[in-house]
Structure formats: C-alpha cells, structure tokens
Amino acid sequence: MRIGIFGTGDVGRALGRGFAMLGHEVKMGSRDANNEKATAWASEVGALASVGTFADAARFAELGVLATLWSGTQSALNLAGAQNLAGKVLIDATNPLVFAPGAPPALALGHTDSGGEQVQRWAPQARVVKAFNTVGYAHFVKPQIPGGPPDMFICGNDAAAKTSVTSILTAFGWNTIDMGGIEGARLLEPMCVLWVLYGARTNSWNHAFKLLKK
Ligand SMILES: NC(=O)c1ccc[n+]([C@@H]2O[C@H](COP(=O)([O-])OP(=O)(O)OC[C@H]3O[C@@H](n4cnc5c(N)ncnc54)[C@H](OP(=O)(O)O)[C@@H]3O)[C@@H](O)[C@H]2O)c1
C-alpha cells in the first residue's frame, strides 16, 4: 500500500519506518519539500521512502497518517488539500496539546469536543481513525513490554476504515480495541496526558495500556 505521512517529528518518522519495514511505500510530507528531517529519514529507510510537500504526500497516499504538532494540524490539512484525502483512511495520531514553560502538557480541548472530531471536520471526506495517540513513539512498532501485547484503543466513524487500521496494528504488534465513533477521542486524548504523567512521576517511558477482561 502507498502510505502518506504528514509530519517529520518522532511520530511520523517512527510510523514511516514501521510501514516501510512491512514493505509499504511511504512518502513523508511537510511544509517544505526539501525538509532536512524528512530527507535524512528517507536516506535511512531506503528505497521504499520518499519525501514531498503535505499535498504530495496526500496525493500519493492510499492511506494517510496525521502526525503534526496540534497547533499546526489544521494548517497541515489545508496544505494537504481535503480533496486529496477524500475517501481515504486517515490515521490521526495527534494529541491536542498546549505547552507552557515549566508545566506538563495540557489538553487544548475536551469533554464536548476532541482533536479527532476536529480532524474529521477539517477533512470531512477522509475516513478518520484515531490511533497511536496513547503511547510514546518508541513503542509504536513491535512493542516489547512484559504482559503484552498492549492494547491500542481506536475510534472512528467508518467501520471498514477501522478494520483496515486494526490489520495494520496487528502487523505492528498491537491488540486493538475499538471504542466506537470518533467522539471516543474525547476520552482517548486524555489518556496521552495520563501516559505522560506516569512517565514523568516514575522517570520511565516503557509503559502502555491494557484493558483486562474475562
Ligand atoms: N512524541 C510522541 O511520542 C507522541 C506519541 C503519540 C502522539 N503524539 C502526537 O503526535 C503528533 C506529532 O508529534 P511529534 O512529537 O512527532 O512531532 P511534533 O513536533 O509535535 O510535530 C512535528 C510536525 O508538525 C509540523 N508542524 C509544526 N507546526 C506546523 C504548522 N504551523 N503548520 C504545519 N505543520 C506544522 C512540522 O512540520 P514541518 O516538518 O513542516 O516543520 C512537523 O512535521 C503530536 O500531535 C503529538 O502530540 C506524540
């Protein structure tokens, strides 16, 4: 499959590497077609990797991955072009965080709205699935955590899109739990803050969530 990654940060690079490891072609998009981080990533990943603008990545993609700083996400989607994402699965790995010096990250919105819902409104014809937002990027691919595999909670309005994302998550080494429509992001996004809080309190970043059931 052809994967378009929107974002050159740790998340975009880790997921891009993971998709290429599984044999997918990956184009990493950003504001600048010659972005240094993207170009270095592509040299490291090899023949399956390429770089371009957000719009190049959106046109290339059969499946897109949104991995942008929250404050730049709407702009990135505008640059990608909503029409280039129409009908395509869009994995939303973002968290709507605001950062203040000396304070832990806080959610920019919640309770009655979420980043996932915003993303679905900004790209109305994309089939948005929230995923990968509840764990640090170092564990995205083949997480090795005792008691695992951990659970990846996903949500989105399109059942077939969630089935596709579940297959991808299985290949990445995750168990998947479907939490329903995209409004579930109101609860999945605070889980990121909880994940960071535990990491900061224990100075350890090798944890992930699992729902125990019988
Ligand atoms: N770090 C983690 O472990 C982790 C885990 C789960 C989820 N997340 C979430 O995943 C997202 C990506 O995180 P990250 O740490 O990889 O990177 P990041 O530093 O949050 O974001 C990097 C990307 O955002 C783009 N960007 C920044 N400002 C922009 C603007 N005004 N307009 C358009 N694009 C803009 C940058 O584009 P350019 O390349 O063009 O500069 C870059 O590609 C965030 O929403 C984060 O909360 C992070």
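Both ligands and their constituent atoms are indexed starting at 1 by order of listing. Please read all numbers here as calculations on a predicted model, not as lab measurements. Note: hydrogens, waters and symmetry copies are ignored here, and every other heavy atom, side chains too, is used.
- Looking at Asp151, Thr170, Thr166 one by one, the single match for side chain to side chain donor-acceptor pair (under 3.5 Å) with Asn175 turns out to be Asp151.
- Ranking protein heavy atoms by distance to atom 46 (C) of ligand 1, first place goes to Asn95 N, 4.1 Å.
- Nearest heavy atom pair, residue Trp122 against residue Ala82, reads O-CB, 4.2 Å.
- Crowding of Glu62 atom CD: a count of heavy atoms from other residues, nucleotides or ligands under 6.0 Å exceeding 12.
- Two rings, from Tyr137 and Phe132, have their centers 6.0 Å or more apart.
- Nearest protein neighbour of atom 30 (C) of ligand 1, counting heavy atoms only, is Arg31 NH1, 3.2 Å.
- Remark: minimum distance from atom 33 (C) of ligand 1 to any protein heavy atom is reached at Gly72 O, 3.4 Å.
- The distance from ligand 1 to the heavy atoms of Ala93 drops below 4.0 Å at these ligand atoms: 7 (C), 8 (N), 9 (C), 10 (O).
- Counted by atom type alone, Asp92 and Thr94 present one or more donor-acceptor pairs between their side chains at under 3.5 Å.
- Comparing heavy-atom distances from atom 24 (O) of ligand 1 across Leu69, Asn133, Thr134 singles out Leu69 as nearest.
- For atom 43 (O) of ligand 1, the closest heavy atom belonging to the protein is Thr8 N, 2.7 Å.
- Scanning the protein for heavy atoms near atom 17 (O) of ligand 1, the closest one is Gly9 CA, 3.8 Å.
- Among all non-hydrogen protein atoms, the one lying nearest atom 45 (O) of ligand 1 is Thr68 O, 2.7 Å.
- For Ser75, every heavy-atom contact with ligand 1 shorter than 4.0 Å involves the side chain, none the backbone.
- Between Phe19 and His24, the two ring planes are perpendicular [angle over 60°; tilted spans 30° to 60°].
- The neighbour count for Tyr198 OH, taken as heavy atoms of other residues, nucleotides or ligands under 6.0 Å away, does not exceed 12.
- The closest approach between a heavy atom of Phe54 and any atom of ligand 1 is below 4.0 Å.
- Contact between Val135 and ligand 1 is present, with at least one heavy atom of the residue lying under 4.0 Å from the ligand.
- Ring-plane geometry between Trp205 and Trp195 is classed as tilted, the angle between the planes lying from 30 to 60 degrees on a 0 to 90 degree scale.
- Every atom of ligand 1 is numbered from 1 in the order shown, and the set under 4.0 Å from a heavy atom of Gly7 is 43 (O).
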Full working for side chain to side chain contact (heavy atoms under 4.5 Å, CB included) between Lys27 and Arg2: CA-CA 8 Å; Lys27 188 180 283 294; Arg2 290 193 312 275; over 6 Å; no
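- Distances below 4.0 Å separate heavy atoms of Gly136 from the following atoms of ligand 1: 3 (O).
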Step by step, would you call Phe54 with Asn78 a side chain to side chain contact (heavy atoms under 4.5 Å, CB included)? CA-CA 9 Å; Phe54 284 126; Asn78 284 340; over 6 Å; no
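- Among all non-hydrogen protein atoms, the one lying nearest atom 2 (C) of ligand 1 is Val11 CG2, 3.7 Å.
- Shortest contact from atom 12 (C) of ligand 1 to any protein heavy atom: Ala67 O, 3.4 Å.
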